[in-house]
Amino acid sequence: MDAPCSEPKDPTGETPVLLTEPAEGVPPVVSDPATLRRAAATLAEGTGPVAVDTERASGYRYSQRAYLVQLRREQAGTVLVDPVALGGRIDPLVDAIADTEWVLHAASQDLPCLAELGLRPATLFDTELAGRLAGFDRVALGSMVERLLGYHLEKGHGAADWSRRPLPQDWLTYAALDVELLVPLRNVLEHELREQGKLEWALQEFEAVRTAPAPKPRAEPWRRTSGIHRLRNPRQLAAVRALWEARDGLARQRDIAPGRVLPDSAIIDAAVTDPATEADLLALPVFRGRSQRRTVKVWADALAKARGLGRKELPEVSPAHDGPPPPNRWADRDPDAAARLAAARAALTSIAESLKLPVENLLLPDLVRRTCWEPPADLDPSAVAEVLAAGHARPWQIELTAEPLSKSLKAAAA
């Protein structure tokens with residue numbers, strides 16, 4: 001088939017072209033050191049940015065490691081790398097693209113597993129984030145490729161078990177197509193952002209994504225168990241915690257997604273039912289399965305541990321929050337803060353709509369809440385700007401929002 005063009009097609013014109021194969025075909029997977037060195041040399045000799053993507057096995061494996069890395073560069077073509085077969089040792093690839101701009105879609109999803117392999121971009125262009133800042137209502141890769149480039153990418157195997165070996169040919173086709181049009185899409189989006197006067201904003205956002213630290217571990221990750229909101233008994237919550245921790249240990253040890261070891265629904269069911277014996281536990285629906293029978297002692301011991309805790313060892317029904325309470329409680333807890341938040345949200349929404357931006361990209365909602373809950377003593381724009389900067393707002397965000405926020409906070413306090 002003809003190579004995909006780099007110019008956007010009129011979205012109101014002809015029907016998008018279905019893209020079923022990469023322009024140069026699907027390359028063989030790089031799985032040995034010698035082939036990796038040759039592929040890296042080819043990429044190093046290419047020109048322009050390098051498109052990068054990964055495939056993980058979320059929902060199947062405990063780890064979030066990359067099971068396939070896809071790269072494409074002008075005059076170099078597409079390279080598919082199996083980091084597992086290479087034992088994670090991909091130094092030639094690291095050196096080949098170290099100083100090159102990387103183009104990713106939703107980069108924050110891929111950068112952590114790439115960093116595990118020693119792959120870290122010197123500069124970054126995130127096509128999903130660019131689409132948000134440009135005001136597109138649909139920013140999935142397929143949606144933007146269709147709208148801006150006139151090609152249709154079939155939905156494929158993104159949610160598949162990429163730890164499987166050998167990888168099926170149709171999966172590799174899907175993986176190669178994910179980077180086929182990233183650089184042309186990047187070029188169109190850069191032009192669009194420049195036309196809208198937003199390119200500098202985007203560059204600041206890309207740099208924030210590139211340099212973002214790893215998120216801090218959650219203090220009580222077990223509280224995210226699906227269905228836990230129905231439980232208000234501390235003893236039941238202790239059972240959820242004990243079962244969650246036992247499951248997490250098994251999942252980590254076996255490198256299996258926790259939900260495949262024991263579903264959340266089974267944890268909630270056991271916590272509510274509180275079976276006294278292993279036989280009682282095995283009578284519950286999910287625990288009747290073969291795999292659960294093999295690990296029944298693990299679950300029974302976890303429940304017994306929770307049952308034996310003293311009152312002071314039980315978890316709180318309502319955990320302490322890091323920061324302000326949920327906004328729906330502000331009117332009762334602090335009516336003045338609720339008034340500040342309402343005024344701030346109205347001001348920010350107005351700005352975002354005028355600029356055709358998602359309001360959450362104009363300023364992070366959490367930062368807005370924190371600023372309204374504990375505003376600076378001086379509500380002048382300079383003081384508000386200091387608070388926003390301390391909350392890691394970017395310069396473009398501060399320039400657009402500090403003064404309107406100052407005015408809204410003052411109005412609410414009047």
*Step-by-step side chain to side chain contact (heavy atoms under 4.5 Å, CB included) determination, Q236 to R230*: CA-CA 10 Å; Q236 292 176 342; R230 303 197 306 267; over 6 Å; no

_Any donor-acceptor pair under 3.5 Å from T127 side chain to R186 backbone_ = no

_N328 CG: over 12 foreign heavy atoms closer than 6.0 Å_ = yes

_Taking salt bridge (Lys or Arg N to Asp or Glu O under 4.0 Å) as the cut-off, I'd like each qualifying pair that reaches into residues 354-367, sequence neighbours left out, listed once._
D366-R369, D366-R370

*Does the side chain of W201 come within less than 4.5 Å of R394's, by heavy atoms?*
no

Side-chain donor-acceptor distances from residues 333-343 under 3.5 Å, at least two apart:
unit_1, atom_1, unit_2, atom_2, d
D334, OD1, D336, N, 3.2
D334, OD1, A337, N, 3.1
R340, NE, C372, O, 2.7
R340, NH2, C372, O, 3.0

*Q64 atom CD: more than 12 heavy-atom contacts under 6.0 Å*: yes

_Any donor-acceptor pair under 3.5 Å from D82 side chain to S31 backbone_ = no

*A246 and A302: which non-hydrogen atoms are nearest, and at how many Å?*
CB-CB, 4.2 Å

_Suppose the criterion is salt bridge (Lys or Arg N to Asp or Glu O under 4.0 Å): which pairs have a residue in residues 33-43, not counting sequence neighbours?_
none

*Taking only residues two or more places apart in sequence or in another chain, which ones pass side chain to side chain contact (heavy atoms under 4.5 Å, CB included) with A134?*
F136, E192, L193, Q196

*asked:* D280 vs T273, test: side chain to side chain contact (heavy atoms under 4.5 Å, CB included). Steps then yes/no.
replied: CA-CA 9 Å; D280 293 336; T273 308; over 6 Å; no

*Please determine which of T78, D53, T54 meets the side-chain hydrogen bond (donor to acceptor under 3.5 Å, both in side chains) test together with Q70.*
D53

*State which residues pass salt bridge (charged side-chain N to carboxylate O under 4.0 Å, His left out) with E45; sequence neighbours excluded, sorted by chain then number.*
none

*So which heavy atom on L348 is nearest to which on L362, and how close?*
O-CD2, 3.4 Å

*asked:* Test your reading of the model: is there a side-chain donor-acceptor pair from K305 to the backbone of A242, 3.5 Å cut-off?
replied: no

Table please: side-chain donor-acceptor pairs of residues 111-122 below 3.5 Å, with sequence neighbours left out.
unit_1, atom_1, unit_2, atom_2, d
R120, NH2, A115, O, 3.4

*asked:* Once salt bridge (Lys or Arg N to Asp or Glu O under 4.0 Å) is applied, what residue pairs with a partner in residues 88-97 remain, sequence neighbours excluded?
replied: none

*asked:* Within the structure provided, determine whether T15 and H152 are in side-chain contact (heavy-atom separation under 4.5 Å).
replied: no

*Please collect all ring-ring contact (aromatic ring centres under 6.0 Å, His included) contacts where either partner lies in residues 51-70, sequence neighbours excluded, each pair once.*
none

*Could you give the distance from CD1 (I256) to OG (S63), rounded to the nearest 0.5 Å?*
11.5 Å

*Could you tell me how the ring of F206 sits relative to the ring of F125: parallel (under 30°), tilted (30 to 60°) or perpendicular (over 60°)?*
tilted

*Within the distance-only criterion (no hydrogens, no angle test), does the side chain of S350 pair as donor or acceptor with the backbone N or O of A346 below 3.5 angstrom?*
no

*Exam field: side chain E207 to backbone L124, donor-acceptor pair closer than 3.5 Å*: no

*Give a yes or no answer on whether the side chain of R56 reaches the backbone of A66 with a donor-acceptor pair at less than 3.5 Å.*
no

_R72 side-chain N/O to A51 backbone N/O, donor-acceptor pair under 3.5 Å_ = no

_The criterion is ring pair (Phe, Tyr, Trp, His ring centres under 6.0 Å); which residues satisfy it with W244, sequence neighbours excluded?_
none

*For residues E316 and R223, report the shortest heavy-atom separation together with the two atoms involved.*
O-NH2, 2.7 Å

*asked:* Looking at R132 and L357, would you say the former's side chain and the latter's main chain have a donor-acceptor pair under 3.5 Å?
replied: no

_Donor-acceptor check, side chain of E180 to backbone of P22, threshold 3.5 angstrom: yes or no?_
no

_Once side chain to side chain donor-acceptor pair (under 3.5 Å) is applied, do any residues pair with Q292, and if so which ones, sequence neighbours excluded?_
W299

*Go through the steps to decide whether F287 and T295 satisfy the test side chain to side chain contact (heavy atoms under 4.5 Å, CB included), and finish with yes or no.*
CA-CA 9 Å; F287 292 90; T295 54; over 6 Å; no

_E353: which residues meet the salt bridge (charged side-chain N to carboxylate O under 4.0 Å, His left out) condition with it, sequence neighbours left out?_
none

*Check for a donor-acceptor pair, side chain of H105 on one end and backbone N or O of V139 on the other, with a separation under 3.5 Å.*
yes

*Can you list every salt bridge (Lys or Arg N to Asp or Glu O under 4.0 Å) pair that touches residues 246-273, not counting sequence neighbours?*
R247-D264, D248-R252

